[in-house]
There are 2 protein chains.
Amino acid sequence: MAYIDRIRAIRNFDAAAYRPFRVGGRQVGLIHAEVAGLLEPYRSVLVPGAAGFDLAPGLTGPGDRSAAMADVLADMKGRGLIKGWRDEAYAVRERWGTPVLMEMERAAVPLFGVEGYGVHVNGFVRDGDEIRMWIGRRSLTKPTGPGKLDQVVAGGQPAGIGVTDNLIKECGEEAAIPEHLARRAHPVGAITYCTHRAEGLRRDVLFNFDLELPRDFTPTNTDGEVAEFMLWPMDKVMSVVRETDEFKFNCGVIVIDFLLRRGFIGPDDPDYLDLLQGMHRRREAPPEP
Amino acid sequence: MAYIDRIRAIRNFDAAAYRPFRVGGRQVGLIHAEVAGLLEPYRSVLVPGAAGFDLAPGLTGPGDRSAAMADVLADMKGRGLIKGWRDEAYAVRERWGTPVLMEMERAAVPLFGVEGYGVHVNGFVRDGDEIRMWIGRRSLTKPTGPGKLDQVVAGGQPAGIGVTDNLIKECGEEAAIPEHLARRAHPVGAITYCTHRAEGLRRDVLFNFDLELPRDFTPTNTDGEVAEFMLWPMDKVMSVVRETDEFKFNCGVIVIDFLLRRGFIGPDDPDYLDLLQGMHRRREAPPEP
């Protein structure tokens with residue numbers, strides 16, 4: 001196995017199986033044929049057409065749209081069609097940096113192929129020239145990736161809170177990192193991907209941060225989402241990412257981004273450019289002229 | 001003006017104007033219609049067909065291919081068709097990490113739309129929490145970008161030398177950085193682009209390195225390629241990249257990559273994802289399934 005296998009796992013997408021989902025005339029998602037078959041009861045809200053689904057055009061504001069969508073999702077939940085309900089609202093946009101068109105329950109986001117946002121923090125300590133990385137093991141009760149390895153802090157980006165504020169909140173909840181330490185985290189980029197998973201289509205944007213932690217700080221979980229934290233030398237982090245799928249599918253890619261930025265993987269790796277390009281390219285993008 | 005304008009400058013490509021160029025059956029380049037019109041005298045070596053140009057299939061090894069191509073290029077130079085002759089051999093590959101199919105003169109690489117490789121070094125110093133960056137101004141005698149701003153060290157990647165050895169050589173020639181300092185540079189990624197310029201089609205891969213320099217070190221040019229070096233606070237570097245085109249078209253993008261990795265640009269910038277994706281995506285890539 002090789003690092004590039006982690007990239008392949010975030011690029012498992014067959015465009016032919018999906019139809020666009022639009023809100024206010026803007027494409028916000030991609031609906032799989034199997035999901036489309038479940039939406040017949042909601043055709044007054046999710047209006048099918050030759051070119052995909054439109055949220056009923058009569059719903060013109062974020063409030064009305066969110067309410068109508070919430071009714072649909074509550075019914076789908078009652079039919080057992082939505083697993084791992086989070087009771088957490090995600091903002092629905094055409095793309096990052098554009099206006100929020102509505103909100104919807106996080107667990108339904110992959111079913112509608114809506115872009116999902118998250119924050120991931122690479123927490124590390126320096127020991128002379130050596131770097132060691134804090135790794136979390138996800139609780140067995142997590143709806144996605146139970147028991148898998150993860151960053152020290154990672155969380156979804158709910159509606160109505162800024163990225164930095166969310167980062168600070170997650171640092172506190174997941175690892176008991178106090179605010180004055182969390183504020184040392186700095187943005188280092190983002191990975192973007194579109195891949196089919198058990199929960200649906202993950203069209204994710206994960207904002208990455210690096211956070212150098214003091215050597216005398218030990219993370220402690222406070223919200224039950226992390227089973228244990230481990231401080232690993234980079235050699236071990238690298239071999240586990242490269243040789244196993246112990247890391248949650250997207251968390252391993254976040255580590256690879258760290259390895260690329262900090263010189264642990266260099267141009268002598270024949271996959272160097274495929275690793276760099278593969279964590280940024282969007283397979284669902286229309287071909288460019 | 002905005003950072004995203006620098007990205008647009010590396011994405012000026014009209015696929016319809018180009019035809020593939022193959023060596024040994026592998027596509028290695030893209031030839032513009034205007035260049036194609038100049039190649040008629042060389043049709044025994046550069047064989048035109050319905051699907052582009054093939055280097056004569058009878059040339060089966062890198063040595064024979066390079067010699068035949070050198071004859072063509074010498075003749076084109078004599079006709080005044082190749083500007084800025086470097087007398088420097090570039091390796092021609094299908095893509096990074098695959099075998100070298102032949103070598104050719106660097107100045108002709110953009111005419112044939114062959115992938116060009118280079119190394120760029122972000123040289124910076126720390127002063128407490130502040131970072132300042134060494135900026136070079138290119139000599140007025142450079143064939144590309146005369147007088148433009150540049151990294152402290154940047155150079156093409158000639159055939160027959162490894163990336164790290166080339167980096168050390170360029171550090172010595174361009175900025176008199178001694179080998180023990182140059183070896184502190186570490187790879188941080190690469191930018192890849194495909195864009196039309198005066199010299200032809202730049203399909204470049206630039207390997208980027210960060211090098212923290214001691215505060216008491218001052219770079220000195222030894223090869224006549226740099227007119228002056230300046231140590232700028234990041235605020236100034238950022239405003240010059242953002243508001244002007246004083247940086248050479250690709251060097252400004254290398255700076256933006258530095259700004260993204262080190263938190264000077266964050267997710268609150270509405271162009272954040274376009275900046276990240278735009279310096280990695282290849283516009284000439286075939287649409288993916």
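Chain identifiers are assigned alphabetically (A, B, ...) following the order of the sequence lines, protein sequences preceding nucleic acid strands; residue numbering begins at 1 within each chain. Every value quoted in this text rests on a predicted model; they were computed, and no experiment measured them. Only heavy atoms go into these numbers, but all of them, side chains included; no hydrogens, no water, no symmetry mates.
In this structure, B:Y272 contributes its side chain and A:G189 its backbone to a donor-acceptor pair below 3.5 Å.
Across all their heavy atoms, A:L273 and B:W96 have their closest contact at CD1-CB, 3.5 Å. Nearest heavy atom pair, residue B:P267 against residue A:P187, reads CD-CB, 3.8 Å. Taking both residues in full, the closest heavy atoms of A:H280 and B:H280 are given as CD2-CD2, 3.3 Å, listed atom of the first, atom of the second, then distance.
Most heavy-atom pairs under 4.5 Å with chain A, from the set B:A185, B:G263, B:G97: that is B:G263.
Taking non-hydrogen atoms and a 4.5 Å limit, the residue list of residues 154-167 of chain A in contact with chain B, ordered by number, reads A:V163.
Within the 4.5 Å cutoff, side-chain heavy atoms of B:T192 are placed close to those of A:Q277. Within the 4.5 Å cutoff, no side-chain heavy atoms of A:V188 are placed close to those of B:L260.
There is no contact between A:L275 and chain B, counting heavy-atom distances below 4.5 Å. Residue B:I265 touches chain A through its backbone alone, counting heavy-atom pairs closer than 4.5 Å.
Other residues, nucleotides and ligands contribute only 12 or fewer heavy atoms inside 6.0 Å of the CZ atom of B:R26.
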Worked check of salt bridge (charged side-chain N to carboxylate O under 4.0 Å, His left out) between B:R95 and A:D274: CA-CA 10 Å; B:R95 50 203 282 277; A:D274 290 329; 2.7 Å; yes
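Partners of A:F21 by ring-ring contact (aromatic ring centres under 6.0 Å, His included), not counting sequence neighbours, listed by chain and number: A:F112.
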